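Letters A, B, ... are given to chains in the order of the sequence lines, protein chains preceding strands, and every chain is numbered from 1. Here the structure is a predicted model, which is why all the values come from computation and not from measurement.
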2 protein chains.
Amino acid sequence: MTLRDKLAAVNLKATHQRLTILAAIEECHTHPSPEKIHKIIKPGNPTISLATVYNTLETFARVGLINKVASLSGNLRYDPNLQAHGHIYCYNTDEIIDYYDEELNKVIIDFFKKKKVNNLKIKNITLNINGDKLDKTKDVIIK
Amino acid sequence: MTLRDKLAAVNLKATHQRLTILAAIEECHTHPSPEKIHKIIKPGNPTISLATVYNTLETFARVGLINKVASLSGNLRYDPNLQAHGHIYCYNTDEIIDYYDEELNKVIIDFFKKKKVNNLKIKNITLNINGDKLDKTKDVIIK
DNA sequence: GTGTTTGCAAAAGCTTTGCAAAGTT
DNA sequence: AACTTTGCAAAGCTTTTGCAAACAC
């Protein structure tokens, strides 16, 4: 599915800005803040404005193309990955890294099969792992 | 352990403001923003300033008396409960509610016993459950 | 062509800082 | 008395808004 198709599927016009922002957030796997996304795309797209990055990300989240992410960083963060997965937050690099593990998903689903959550319509369940990267130049790997 | 003792244990002087703020955050189980804490304590403590609430919460977090909490709300949130537990975030009330379950803790610990996390010094693992409260006047209950 | 989207600049909201006055031990 | 902490106001961030110009379909 192309980026154009994704926008069409949610009835958003395929503007250059939207295509650029969607591409950037899908490519960068640390869920950067709007400010950082703007810095990433600005060189190749000098007229794109920071307000448009903010507004566009919020639009994408509103129509369900991406999700808002809970963050310890104090600014807004978004995630283009819509399937169930966890997040690793690194205090010392401010990165939010996806953590997908089929077994973890199963463990969580199994747990909530046994529990009753009253008075809440659950939208999403995420495991957050917070810590410090030991070597900032390398990736965090869970296996 | 009294609030004074808790402050003494981390070498913070027991000022009226710190005692008030610590009491407020321990009493209120929805992890309110600094702004909301200020509103809560202001009537009984008219001279307490919002900046002091911000600074004091940050000081508490720095010395480990409370934790910062990942949040979808876009502002700072703190948690005085230092033991392992999860959080329920309600989009429609902006509340962050503690969710303690011994079995859940065990399930998560067991899971990570089997996994190796490379290049990360884990500080904390939290399960986040996000959704909408069905009846805003009542509590969310998991059993 | 019509209605939507963008850029810009300004406003609004949230958090931190600097410093004199007040408080703690 | 020595040192720390607070209140206030200002500064510094982050995010949203209003509106004319530009764009997608």
In whole Å, what is the span from the CD1 atom of B/Ile48 to the C1' atom of D/dT5? 12 Å
With the side chain counted from C-beta on, respond yes when A/Cys90 and A/Ile97 share a heavy-atom pair under 4.5 Å apart, and no when they do not. yes
Answer with base, sugar-phosphate or nothing: what part of the nucleic acid does B/Glu58 contact at a heavy-atom distance below 4.0 Å? nothing
Under 4.5 Å side-chain heavy-atom separation, chaining through any Ile, Leu, Val, Met, Phe, Trp or Tyr, what else clusters with B/Met1? Say none if it is isolated. none
Give the nucleotide from the list D/dT15, C/dT6, C/dT15 with an atom nearest to the side chain of A/Leu50. D/dT15
From the options B/Asn81, B/Asn128, B/Asp98, select the one residue that forms a side chain to side chain donor-acceptor pair (under 3.5 Å) with B/His87. B/Asp98
Here the distance between atom P of D/dA24 and atom CG of A/Leu3, to the nearest Å, is 15 Å
Here the side-chain hydrogen bond (donor to acceptor under 3.5 Å, both in side chains) pairs for residues 7-23 of chain A, sequence neighbours left out, are A/His16-A/Asn45
If only side-chain N and O atoms of B/Tyr54 are considered, is one of them under 4.0 Å from the OP1 or OP2 phosphate oxygen of C/dT15? yes
Separation of C/dT6 atom P from A/Asn45 atom CG, nearest Å, is 12 Å
May I have the distance from A/Lys68 (atom NZ) to D/dT14 (atom P), rounded to whole angstrom? 16 Å
Say whether A/Val63 and A/Tyr54 are linked into one hydrophobic cluster, either directly or through other cluster members, by side-chain heavy-atom distances under 4.5 angstrom. yes
Could you run down the sub-3.5 Å N/O contacts of the protein with nucleotides 17-25 of chain C?
{"residue": "C/dT25", "atom": "OP1", "partner": "B/Ala14", "partner atom": "N", "Å": "3.2"}

Gap between atoms CG and C1', on A/Leu57 and C/dT6 respectively (whole Å): 14 Å
Treating Ile, Leu, Val, Met, Phe, Trp and Tyr as nodes and any side-chain heavy-atom pair under 4.5 angstrom as an edge, say whether B/Leu19 and B/Val10 lie in one connected cluster. yes
Show me the donor-acceptor pairs, under 3.5 Å and distance only, between side chains in residues 64-74 of chain B and residues at least two apart or in other chains.
{"residue": "B/Lys68", "atom": "NZ", "partner": "B/Glu58", "partner atom": "OE2", "Å": "3.3"}
{"residue": "B/Ser71", "atom": "OG", "partner": "B/Ser73", "partner atom": "N", "Å": "2.9"}
{"residue": "B/Ser71", "atom": "OG", "partner": "B/Ser73", "partner atom": "OG", "Å": "2.6"}
{"residue": "B/Ser73", "atom": "OG", "partner": "B/Asn75", "partner atom": "OD1", "Å": "2.7"}
{"residue": "B/Ser73", "atom": "OG", "partner": "B/Arg77", "partner atom": "NH1", "Å": "3.1"}

At what angle, to 10 degrees, do the two end axes of the helix from C/dG1-D/dC25 to C/dT25-D/dA1 meet, given five pairs define each axis? 50°
Looking for any heavy atom pair under 4.0 Å, which part of the strands does B/Ser33 touch: base, sugar-phosphate only, or nothing? nothing
Specify the separation, in whole Å, of atom CG of A/Leu22 and atom P of C/dT5. 15 Å
Examine distances only and state if a side-chain atom of B/Lys133 and a backbone atom of B/Asn92 form a donor-acceptor pair shorter than 3.5 Å. no
Whole Å only: how far is the CZ atom of A/Arg62 from the P atom of D/dT15? 18 Å
For B/Thr56 and B/Gly74, find the nucleotide of DNA chain D closest to each by heavy atoms; which residue's nucleotide sits nearer the 5' end? B/Thr56
B/His38 NE2 to C/dT15 P, straight-line distance once rounded to whole Å: 14 Å
Qualifying salt bridge (charged side-chain N to carboxylate O under 4.0 Å, His left out) pairs with a residue from residues 104-114 of chain A, counting only residues at least two apart or across chains: A/Lys106-A/Asp110, A/Asp110-A/Lys113, A/Lys114-B/Glu103
